[in-house]
Amino acid sequence: MDDTSISAAPGERFTLTVDQNASTRDYWYLVGPEPDRAVLVSRGTEHAAQDGDKAPGSGSPLTFAFEAKGRGTTRFTLLHCTFTTCQGNTATRPPETTGPSASPSAGGSPSPSRAPQRITYTVTVG
């Protein structure tokens with residue numbers, strides 16, 4: 001996911017697919033600020049069915065769908081949460097805060113974990 005620039009024509013649809021694993025609390029979310037709706041519209045997400053060849057508890061692809069609407073440039077952000085980076089999230093609900101979560105340390109007091117990964121995409125519709 002190194003290339004975060006996307007070019008599209010008005011009316012074009014495109015997708016981004018990431019791997020997630022609910023059994024390990026590994027989730028992706030579209031978070032604010034959301035794209036300018038005059039330029040780009042989110043068309044939701046689709047979870048791939050569990051492949052019969054995969055081991056139980058293994059991850060599966062999650063696809064985010066978008067539609068280019070009008071000329072311009074906008075941005076959107078995908079947030080990647082794991083059990084060590086986010087608290088209070090579910091498969092469909094991002095965490096209330098997206099800073100590092102606190103985890104207990106050996107001394108018993110919470111210590112901050114690392115922050116969740118954020119990937120910001122720039123979309124140019126022309």
Side-chain angles (χ1 to χ4, degrees):
M1 281 199 216
D2 293 331
D3 187 10
T4 59
S5 296
I6 299 168
S7 296
E12 184 177 346
R13 290 180 179 234
F14 64 90
T15 60
L16 292 171
T17 301
V18 294
D19 286 323
Q20 73 174 17
N21 188 337
S23 67
T24 60
R25 286 186 31 222
D26 180 352
Y27 299 113
W28 287 88
Y29 309 97
L30 177 64
V31 296
E34 291 191 19
D36 177 349
R37 293 185 56 80
V39 178
L40 184 72
V41 177
S42 170
R43 293 295 183 202
T45 58
E46 182 178 314
H47 296 270
Q50 180 72 26
D51 185 344
D53 295 336
K54 285 189 167 186
S58 62
S60 61
L62 172 66
T63 300
F64 291 86
F66 298 92
E67 182 179 352
K69 296 304 266 182
R71 296 182 186 277
T73 300
T74 191
R75 292 178 175 203
F76 66 88
T77 300
L78 295 184
L79 176 71
H80 181 215
C81 284
T82 66
F83 73 96
T84 62
T85 61
C86 298
Q87 296 291 316
N89 58 309
T90 66
T92 58
R93 188 186 78 230
E96 290 182 21
T97 63
T98 57
S101 58
S103 57
S105 66
S109 62
S111 63
S113 63
R114 47 175 237 242
Q117 178 184 15
R118 291 176 165 275
I119 301 174
T120 300
Y121 292 86
T122 302
V123 179
T124 302
V125 179

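What you see is a predicted model, and the numbers here were worked out from it, not measured in a lab. Basis for what follows: all heavy atoms, side chains included, without hydrogens, waters or symmetry-related copies.
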Minimal heavy-atom distance between R71 and P10, with the atoms involved, is CG-CG, 4.4 Å
Quick one: pull up OH in Y121 and OG1 in T77 and give me the separation to the nearest 0.5 Å. 10.0 Å
Verify the distance criterion only: is there a donor paired with an acceptor across the side chains of T24 and D26 at less than 3.5 Å? no
Pairwise distance OH(Y27) to NE2(H80) - rounded to 0.5 angstrom: 11.0 Å
Can you tell me if R13 uses its side chain to pair, donor with acceptor, with the backbone of R43 under 3.5 Å? no
Rounded to the nearest 0.5 Å, how far apart are CD of Q117 and CD1 of I119? 4.0 Å
Please check if the number of heavy atoms outside E12 that lie under 6.0 Å from its CD is greater than 12. yes
My understanding is that only one of L40, D36, T120, T4 makes a side-chain contact (heavy atoms from CB on, under 4.5 Å) with R75; could you say which? T120
Looking at T85 and A115, what are the two nearest heavy atoms and their distance? CG2-O, 3.9 Å
Are a donor atom and an acceptor atom from the side chains of Y29 and N89 found within less than 3.5 Å of each other? yes
Do other residues, nucleotides or ligands put more than 12 heavy atoms under 6.0 Å from R37 CZ? no
Q87 and R25: side-chain contact (heavy atoms from CB on, under 4.5 Å), yes or no, with the steps? CA-CA 10 Å; Q87 296 291 316; R25 286 186 31 222; 4.0 Å; yes
Hphob cluster co-occupancy, I6 + F66, side-chain heavy atoms under 4.5 angstrom: yes
Is a side-chain N or O of W28 found less than 3.5 angstrom from the main chain of D19, in a donor-acceptor match? yes
We want to know whether T17 and T63 form a side-chain donor-acceptor pair, criterion being a heavy-atom distance below 3.5 angstrom. yes
How far apart are the closest heavy atoms of L62 and T45, and which atoms are they? CD1-CB, 3.7 Å
Quick check for you: to the nearest 0.5 Å, what is the distance between F83 atom CZ and S23 atom OG? 11.0 Å
V41 with L16, same ILVMFWY side-chain cluster at under 4.5 Å: no
Taking the six-membered ring for Trp, are F76 and F64 closer than 6.0 Å centroid to centroid? no
Side chains of P94 and C81: closer than 4.5 Å at any heavy-atom pair? no
Heavy-atom distance under 4.5 Å between the side chains of V31 and R118, does that happen here? yes
